[in-house]
Amino acid sequence: MIKKQIIVFAVLMTSFSIFAQTYITNVTIADVEKQKLIPNQTVVITNDVITNIAKSNKIKIPEKASIIDGSNKYLFPGFVDAHIHFFQNGGLYTRPDVMNLQKYKSYDEEIAHAKSDMETKLRRYLQNGITTVVDVGANYHFLNQRKDFTDKAFSPSIFITGPLLTTYEPKVYENLGIDEPFTLTKTIEDGIHGVKEQLQYSPDFIKIWYIAGADGLSVEESAHKNLPIIKAIIEEAHKNNLKVAVHATERITAQLAVENGADFLVHSIDDEILKDDFVQLMKKNKTIICPTLIVNNGYFNTFGQNINMSNHELQKADPYQLGSLLDLKHLSDTTLVNNYKNYANGEKSINDLKKLNAISMENLKILSDAGVLIATGTDAGNIGTLHASSYLAELKAMQKSGMNTWQIIQASTINGAKIFNKEEEFGTVSIGKKANLVLLDANPIDDIENVSKINVVINKGKVFKPNELLKDTPADLAQRQLNAYNFRNIEAFLEPYAEDVAVYMYPDKLLYTGKETMRKQYASMFDNMPNLHCELKERIVQGNIVIDKELVQFGDEMLEAVAIYHIENNKIKKVYFIQ
């Protein structure tokens, strides 16, 4: 009997020892469902679950407990980006069907980079407070690769589908095997087979690319012609307990999709203002919609070279993909470049984009006010819509549409969980839910930009400081200041530099010291110099030293230069120029 008691006690002690508890004390909690803030709370996290929430004076904290002081801070559910693409990188070369620049960078290189970069993308999402991502159009490679990150604490939760089922496929994507992002479905049988083929890869849902008009018919005729295939795909998916997301940007394709059981519309309807019968159909069928307001601007602003990147993007985006968006300024095929630039800056394109944006925003307000569920998503990975860092711009666009801040926060948290009926698992700060949380230093209800003022991110119960999730390499720092130089953004340009940076003319002539002196040197140039652009010709990285060979345009003058950056303590400490 004594021996048995000892064994039981040992088992209990072993079980107790595996419990990891974290206490977030004196924090203000966001109740996203009731749209209110609850001050002076303590949240208890045991392993990866929220196990208790109470007033701070009601919870006794054990000695040597892991404590996060939440005083003057705000605890929100982790955010959801309900529309991304891992197979696209967000830079200039990622969509050869839209802009074919393969003579400069092959699509094979883009594919290889997307595969090798998946971990970095996931870390970047978590760094930005995004604890759940939904890939609404991938391929069989990424359906397999996501398994590598299922149990990784640094990885957001991933919901993912396979290739998009479509009646139209751009030729550049044909015959890519497991890397092909589309499955061509010309018949009902093709559609059913397209669903069945994905089942072996365990997708979380099925996605339809409902493209009308590519067959030469009018949009309405084409939509009705392909409807039997769309309907068959939805029925087959539902038969296998899989929800269906549909790309349908016209009212007619969206309506036909919803009437036939679509669960999730992944874009705004942008061709006409919605009438009440469509709104009521969405409500009746409990269809969720993801507006993706900024993605079209990303394309047109890139093609027209009218890009305006915020400090947030310049500091948080993948610096190389962001930098590539300005490559049109120096690619050798000037005829191609000028054709795109003239197209994007033409009066018709400008007016068409304004109309599309206006309709999309008005429709979002109509749907949101009517109580249709909205889920925040960026369509990240497309040209000009960068992974993770573009999330804030999407939130600001939703606000511009007329949604209030609480509605936007709901769309970015609990509504994302509802896409897959996971609202009992995550999406609110509640007992029993997953500890996927973001602790903010300022209140986003006062200012939506405060979602970027992240103190810590808690994912799967683990606590991360944003700068520890993804550390800048010496090359990253050099690239970020180069990007900011090209965007004439003095604050983002200075950010990678040490306060006491020293600038030399090679080999040892000191020009000046200090970031404030550097500010005076560059701010005036950014404000006044026409045609300012620095093209990186070659880069060598040796330890903490980065050597850039550059071609710099000052007005009508072109100058070859070499810049040598010395990095210390994750800042650029010294710069040597060779001219």
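Fair warning: this is a prediction, and the values are worked out from it, not measured in the lab.
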If only atom types and distance count, is the side chain of [X] paired as donor or acceptor with the main-chain N or O of [Y] below 3.5 Å?
X	Y	value
Lys418	Ile414	no
Glu197	Gly194	no
Gln41	Pro39	yes
Thr253	Glu250	yes
Lys286	Leu373	no
Asn89	Thr94	no
Asn459	Lys462	no
Gln127	Pro466	yes
Ser324	Leu92	yes
Asp117	Thr120	no

Would you say the side-chain atoms of [X] and [Y] include a donor-acceptor pair closer than 3.5 Å?
X	Y	value
Ser360	Asp270	no
Asp447	Asn450	no
Asn363	Ser268	no
Gln479	Asn483	yes

Just verifying a value: how many Å separate [X] [atom1] and [Y] [atom2], rounded to the nearest 0.5 Å?
X	Y	atom1	atom2	value
Lys55	Asn26	NZ	CG	11.0 Å
Ile206	Leu242	CD1	CG	5.5 Å
Ile158	Thr132	CD1	OG1	10.0 Å
His85	Thr385	NE2	OG1	10.0 Å
Met309	Gln315	CE	CD	13.5 Å

Evaluate the side chain to side chain donor-acceptor pair (under 3.5 Å) criterion for residues Asn308 and Asn301: first the C-alpha distance (whole Å), next the side-chain angles of each, then the deciding distance (0.1 Å), finally the verdict. CA-CA 8 Å; Asn308 182 20; Asn301 290 342; over 6 Å; no

Checking side chain to side chain contact (heavy atoms under 4.5 Å, CB included) between Leu437 and each of Val463, Ile45, Val456, Val457, which is the one that passes?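 That would be Ile45; it is the only one of Val463, Ile45, Val456, Val457 passing the side chain to side chain contact (heavy atoms under 4.5 Å, CB included) with Leu437.
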
Parallel, tilted or perpendicular: which one describes the rings of His267 and His247, with boundaries at 30° and 60°?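 Geometry flag for His247 against His267: perpendicular rings.
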
Taking the six-membered ring for Trp, are Phe86 and Phe142 parallel (under 30°), tilted (30 to 60°) or perpendicular (over 60°)?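 Ring orientation, 0 to 90° scale: parallel.
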
Report yes if the side chains of [X] and [Y] come closer than 4.5 Å at any heavy-atom pair, otherwise no.
X	Y	value
Val266	Lys207	yes
Gln410	Ile408	no
Leu274	Leu367	yes
Tyr23	Ile59	yes
Lys243	Asp204	no
Tyr140	Asp179	no
Val451	Leu392	yes
Thr428	Thr413	no

A quick test of your reading: do over 12 heavy atoms of other residues, nucleotides or ligands sit less than 6.0 Å from [atom1] of [X]?
X	atom1	result
Lys231	NZ	no
Asp151	CG	no
Lys105	NZ	yes
Lys115	NZ	yes

Quick test of your reading: applying ring-ring contact (aromatic ring centres under 6.0 Å, His included), list the pairs with at least one residue in residues 379-412, sequence neighbours left out, ordered by first then second residue.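 Every ring-ring contact (aromatic ring centres under 6.0 Å, His included) pair that includes a residue of residues 379-412, provided the two are not neighbours, is Tyr125-His387.
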
Do any side-chain atoms of residues 65-73 form donor-acceptor pairs under 3.5 angstrom with protein atoms, and if so which ones, sequence neighbours left out?
residue	atom	partner	partner atom	Å
Asp69	OD1	Ser71	N	3.0
Asp69	OD1	Ser71	OG	2.6

Is the distance between the ring centroids of Tyr93 and Tyr107 under 6.0 Å?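 No, the ring of Tyr107 stays outside the 6.0 Å limit from the ring of Tyr93, centre to centre.
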
